[in-house]
Amino acid sequence: MQTKWITFDLDETVMQNPFGKWVFPELVAMLKREAVTEEDIMRLIINEHLQRMSEERFLEAYNWDDILVTIAKKLEIEVGIDIESMVIKHSKPSKVYLLEENMLFNLEKIKRKGFRLAAVTNGYAKYQLPVLKQLGLDTVFEEVITSDSEGFAKPHTSILGKLLVKGEVIAHVGDRIDHDVQLANELGILSVFIHRSLPEAVLKVPVDERAAHPSFIRLCEEKWYKENRLRETPFLKNKCIPDLVVQSIEELAKEIDVFLE
């Protein structure tokens with residue numbers, strides 16, 4: 001029997017990384033000590049990331065060390081900041097966490113149904129692996145696919161090349177339309193969108209019917225344009241609407257085998 005893989009995005013799908021609350025604030029403080037400027041340095045970092053995204057330089061958009069170098073040049077300063085070391089320092093239980101109390105249990109529950117699990121992230125390995133290990137996710141995911149290790153970033157389907165050699169990728173789970181849903185839809189595999197604040201009207205609908213609900217389609221379209229706010233790219237239902245909509249990994253684990261029959 002061929003190996004059947006289910007792949008998962010990491011950030012905002014399974015775990016919370018330390019960048020937003022810990023790494024970026026420390027980084028900004030260090031830059032402010034060196035630079036003579038009134039500019040909003042955090043805004044400069046975000047804009048550089050979004051600019052790369054708008055140009056579809058997805059791989060470069062998650063290279064935070066290179067973004068730091070670019071910002072330092074704009075500020076006309078020299079910096080010797082190692083972001084990987086900052087991530088390791090902040091990968092502590094109080095600063096990084098799983099997004100659901102029973103996350104590990106439910107991921108293992110999916111595995112017990114006969115599937116193998118892999119993480120597929122646009123984050124670079126040096127930023128992601130310390131967090132994975134701290135949270136115990138390294139024992140759940142048999143493969144961790146990062147954009148820098150593969151040379152491609154989601155939604156480029158080649159990011160899954162390594163897994164496709166090892167078996168069949170049958171589903172991908174994630175929280176972004178432009179990265180996760182689009183990747184799965186372009187591959188023709190089950191696209192699972194996770195959103196922990198679904199409208200009540202959508203939650204009342206069976207999981208496999210939620211994607212057709214008008215309230216969800218509006219949510220999906222709004223999210224698409226927010227994710228792509230610096231580039232003009234149309235909302236196309238065949239690319240942007242997922243097959244399944246869940247509010248938690250726990251909800252997915254209950255019936256994932258039924259959806260994949």
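Only heavy atoms go into these numbers, but all of them, side chains included; no hydrogens, no water, no symmetry mates.
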Please set out all donor-acceptor pairs under 3.5 angstrom arising from side-chain atoms of residues 162-171, sequence neighbours excluded.
from   : atom 1 : to     : atom 2 : distance (Å)
Lys162 : NZ     : Glu143 : OE1    : 3.3
Lys166 : NZ     : Glu143 : OE2    : 2.3
Glu168 : OE1    : Lys4   : NZ     : 3.3

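- Residues Lys111 and Leu107 form no side-chain contact, since every pair of their non-hydrogen atoms from C-beta on lies 4.5 Å or further apart.
- Between Leu198 and Val245, some side-chain heavy-atom pair lies under the 4.5 Å cut-off.
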Residues Met15, Val96; criterion side-chain contact (heavy atoms from CB on, under 4.5 Å); working and verdict: CA-CA 7 Å; Met15 70 183 197; Val96 298; over 6 Å; no
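- Asn17 and Gln128 share no donor-acceptor pair across their side chains, judged by distance under 3.5 Å alone.
- The aromatic rings of Tyr225 and Phe235 sit tilted relative to each other, their planes meeting at an angle between 30° and 60°.
- Heavy atoms from other residues, nucleotides or ligands lying under 6.0 Å from CD of Glu186 number more than 12.
- Remark: side-chain polar atoms of Asn122 are not paired, donor with acceptor, to backbone N or O of Ala153 under 3.5 angstrom.
- The CD atom of Gln182 lies 11.0 Å from the CG atom of Leu187; values are rounded to the nearest 0.5 Å.
- A centroid separation of less than 6.0 Å is found between the aromatic rings of Phe193 and Phe216.
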ring-ring contact (aromatic ring centres under 6.0 Å, His included) evaluation trace for Trp64 with Tyr124: CA-CA 9 Å; Trp64 297 112; Tyr124 281 27; 9.3 Å; no
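- Shown here is Lys126, whose NZ atom has more than 12 heavy atoms of other residues, nucleotides or ligands within 6.0 Å.
- Using modelled atom types, one finds a donor on one side chain and an acceptor on the other under 3.5 Å when comparing Glu26 with His90.
- Electrostatic pairing of Glu12 and Arg176 does not count as a salt bridge here, judged by no charged N lying under 4.0 Å from a carboxylate O.
- In this structure, the side chain of Ser191 engages the main chain of Asp243 through a donor-acceptor pair within 3.5 Å.
- Between the Lys113 side chain and the Ala253 main chain, a donor and an acceptor come within less than 3.5 Å of each other.
- Using a 4.5 Å heavy-atom cutoff, the side chains of Phe19 and Asp11 are not in contact.
- One finds no salt bridge joining Arg57 and Asp66 here, because no Lys/Arg side-chain nitrogen approaches an Asp/Glu carboxylate oxygen to under 4.0 Å.
- At a threshold of 4.0 Å, the pair Glu251-Arg210 counts as salt-bridged, since one of the basic side-chain nitrogens sits closer than that to a carboxylate oxygen.
- Contacts of Lys32 classified as salt bridge (charged side-chain N to carboxylate O under 4.0 Å, His left out), with partners at least two apart in sequence or in another chain: none.
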Atom pairs and distances, donor-acceptor, side-chain atoms in residues 80-88, under 3.5 Å, two or more places apart:
from  : atom 1 : to    : atom 2 : distance (Å)
Asp82 : OD1    : Glu84 : N      : 3.1
Asp82 : OD2    : Ser85 : OG     : 2.7

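- Between Glu108 and Arg112 no salt bridge is recorded (no basic side-chain N to carboxylate O distance below 4.0 Å).
- Listed for the Asp138 side chain is no donor-acceptor partner under 3.5 Å among the backbone atoms of Leu129.
- Put simply, the side chain of Arg52 never gets that close to the backbone of His49: no donor and acceptor are under 3.5 Å apart.
- Without hydrogens or angle criteria, Thr13 side chain to Asp175 main chain gives a donor-acceptor distance under 3.5 Å.
- With salt bridges taken as basic N to acidic carboxylate O contacts below 4.0 Å, none links Glu200 and Lys204.
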